[in-house]
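Reading through the structure tokens given below for one structure.
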There are 2 protein chains.
Amino acid sequence: MADLTDPQAVAWASYQRMRARLSGVLGRELAAATGLSEADFEVLVAVHERPDDTVRSLALRCGLEWEKSRLSHQLRRMEQRGLIIREACEEDSRGSAVRLTARGRELACEARKHYDAAVKRYVMDSLTPEQIAALAEISGILLDRIEVTHK
Amino acid sequence: MADLTDPQAVAWASYQRMRARLSGVLGRELAAATGLSEADFEVLVAVHERPDDTVRSLALRCGLEWEKSRLSHQLRRMEQRGLIIREACEEDSRGSAVRLTARGRELACEARKHYDAAVKRYVMDSLTPEQIAALAEISGILLDRIEVTHK
DNA sequence: CCAGATTAGTTGATGCGTCAACCTTGACGT
DNA sequence: ACGTCAAGGTTGACGCATCAACTAATCTGG
């Protein structure tokens, strides 16, 4: 009772192939248009959503659901490239806060436009509203499943 | 005309979150059970499907749809860990062939069992046959879309 | 108030993935 | 033949992701 049925195997193979290809083209287009990686983009957008373009690292980490060392490494690289700056956190002197630079803010907006357009072009324009809803539903079910067994 | 509608944005967010979580869980379980990465696993399975557990690098690369340098780096690491060996290719002296070691063959089988079971547990057992078919269909559509605009 | 346990964040090592540069060998037109 | 070009593969550099070990500040129980 362990094996996948044929339609299951086919579905999994299609999904895996689609996933690999889609993230490839989206990442490449984003990099070509803005010089940002998807990781950069996620961080910039998440920070830009906050008042004053500033957020505590902890909150950012929880919002992104990233490992702490992943965020730390990413922020170091982004700081070196002048996209963000890190400042002290007054509520908790262990913590730190992240603020967008002018360049970071500008790139966040630019990148969002390009990225959303690419998602629309590659994904949304290809699917019916029913298929989009189905994708959302399936994703939600699988997420629940993972949360339940890993909490 | 550029922005995503609300249901589109929700669907995309769910998909992205599901994708990240699912690949995390599957990768972690595979590593815990066998010590292999997903990249290792893909290679082992692809080679193990061939007669004599041997393939030419070129064929492997086309089957996996990997960049050539990616495959080269991956094979170097796998050779160092004793999962495969690389030998000369007689049809074309530029080329090379990949053969599983005994350990590689053993791990390929072991890993396949664990991985399929995890896919079944996390994905297939959570979805109806209709949802599985919908996932396959959606994936196929998006793949076509990408192929068309990138070929 | 103090000692031990938690928590925020950093660091270093290592594997993965991409790009660009490179080397060798085969293919092809003339 | 031969010169040019393309293809198979390797390498080095760099960014991304995870793990484990570490530092420093906060929390908590007594």
Side-chain angles (χ1 to χ4, degrees), chain A residues 16 19-32 34-44 55-98, chain B residues 16 19-32 34-44 55-98:
Chain A
Q16 285 281 68
R19 181 179 74 66
R21 287 280 203 151
L22 183 58
S23 89
V25 308
L26 291 179
R28 238 169 272 267
E29 292 203 3
L30 185 63
T34 65
L36 297 173
S37 68
E38 289 181 288
D40 295 331
F41 176 61
E42 278 190 81
V43 169
L44 288 183
V55 69
R56 182 157 170 198
S57 285
L58 178 58
L60 183 55
R61 199 172 96 206
C62 294
L64 293 172
E65 298 184 307
W66 279 14
E67 306 242 341
K68 60 187 180 177
S69 66
R70 179 179 178 187
L71 184 60
S72 183
H73 286 305
Q74 182 68 36
L75 292 178
R76 176 180 39 75
R77 289 187 298 260
M78 292 178 74
E79 189 167 30
Q80 279 169 358
R81 282 182 294 149
L83 300 176
I84 58 153
I85 58 176
R86 284 191 275 193
E87 22 190 66
C89 168
E90 61 268 7
E91 323 142 35
D92 185 336
S93 26
R94 289 171 301 183
S96 73
V98 180
Chain B
Q16 285 282 66
R19 181 180 75 67
R21 286 280 204 152
L22 183 58
S23 89
V25 160
L26 291 179
R28 238 169 273 267
E29 292 203 3
L30 185 63
T34 65
L36 297 172
S37 68
E38 289 181 288
D40 295 330
F41 176 60
E42 279 189 81
V43 170
L44 288 183
V55 203
R56 175 148 179 212
S57 286
L58 179 58
L60 183 54
R61 198 173 98 204
C62 294
L64 294 172
E65 300 185 303
W66 279 13
E67 305 242 342
K68 58 187 181 178
S69 67
R70 179 180 179 185
L71 183 60
S72 182
H73 286 305
Q74 183 68 34
L75 292 177
R76 175 179 39 75
R77 289 186 298 258
M78 292 178 76
E79 189 168 30
Q80 280 169 358
R81 282 181 294 152
L83 300 175
I84 59 153
I85 57 175
R86 283 192 275 193
E87 22 191 66
C89 170
E90 61 269 7
E91 323 142 36
D92 186 337
S93 24
R94 289 171 300 182
S96 73
V98 181

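Chain A is the first sequence line, chain B the second, and so forth, proteins listed ahead of strands; every chain is numbered from 1. The model shown is predicted, which means the values in this text are computed figures rather than measured ones.
- Residues passing the side chain to side chain donor-acceptor pair (under 3.5 Å) test with A:Ser57 are A:Ser96, sequence neighbours excluded.
- Proximity of A:Ser37 to the phosphate of D:dC16: a side-chain N or O atom is located under 4.0 Å from OP1 or OP2.
- Taking the salt bridge (Lys or Arg N to Asp or Glu O under 4.0 Å) definition, one finds that B:Glu38 meets it with nothing, sequence neighbours left out.
- Listed by residue number, A:Arg70, A:His73, A:Gln74, A:Arg77 are the residues of residues 70-88 of chain A with a heavy-atom contact under 4.0 Å to DNA chain D.
- Between B:Arg28 atom CZ and D:dA17 atom P the separation is 13 Å, expressed in whole Å.
- Partners of A:Glu87 by side chain to side chain donor-acceptor pair (under 3.5 Å), not counting sequence neighbours, listed by chain and number: A:Arg99.
- Judged as a side chain to side chain donor-acceptor pair (under 3.5 Å), and not counting sequence neighbours, the contacts of A:Glu65 are B:Arg17, B:Arg21.
- In this structure a side-chain-to-backbone donor-acceptor pair under 3.5 Å is present from B:Thr34 to B:Leu30.
- Residues that satisfy the side chain to side chain donor-acceptor pair (under 3.5 Å) test with A:Gln74, not counting sequence neighbours, are A:Asp40, A:Arg77.
- Considering only side-chain N and O atoms, B:Arg56 lies nowhere under 4.0 angstrom from the phosphate OP1 or OP2 of D:dG8.
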Original post:
Which parts of nucleotides 20-26 of chain D does protein reach within less than 4.0 Å, heavy atoms only, written one letter per nucleotide 5' to 3' as B for base, S for sugar-phosphate only and - for none?
Top reply: B----BS
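- Residues that satisfy the side-chain contact (heavy atoms from CB on, under 4.5 Å) test with B:Glu79, not counting sequence neighbours, are B:Ile84, B:Ile85, B:Arg86.
- Residues satisfying the salt bridge (Lys or Arg N to Asp or Glu O under 4.0 Å) test with A:Arg61, not counting sequence neighbours, are none.
- The salt bridge (Lys or Arg N to Asp or Glu O under 4.0 Å) search around A:Arg76 returns none, not counting sequence neighbours.
- For the side-chain contact (heavy atoms from CB on, under 4.5 Å) test, residues two or more places apart in sequence or in another chain that qualify with B:Arg19 are A:Tyr15, A:Arg19, B:Tyr15, B:Gln16.
- Summary of the strand contacts: A:Gly24 and A:Ala59 both lie near DNA chain C, and taking for each the nucleotide with the nearest heavy atom, the more 5' one is attributed to A:Ala59.
- A nucleotide of DNA chain C counts as in contact with chain A when one of its atoms lies under 4.0 Å from a heavy atom; the first and last such, 5' to 3', are C:dT7 to C:dC19.
- Atoms CD (B:Glu67) and P (D:dG8) sit 14 Å apart, rounded to a whole Å.
- Between A:Arg61 atom CZ and D:dA17 atom C1' there is a gap of 15 Å when expressed in whole angstrom units.
- Between the CE atom in B:Met78 and the CG atom in B:Leu44 there is a gap of 3.5 Å [rounded to 0.5 Å].
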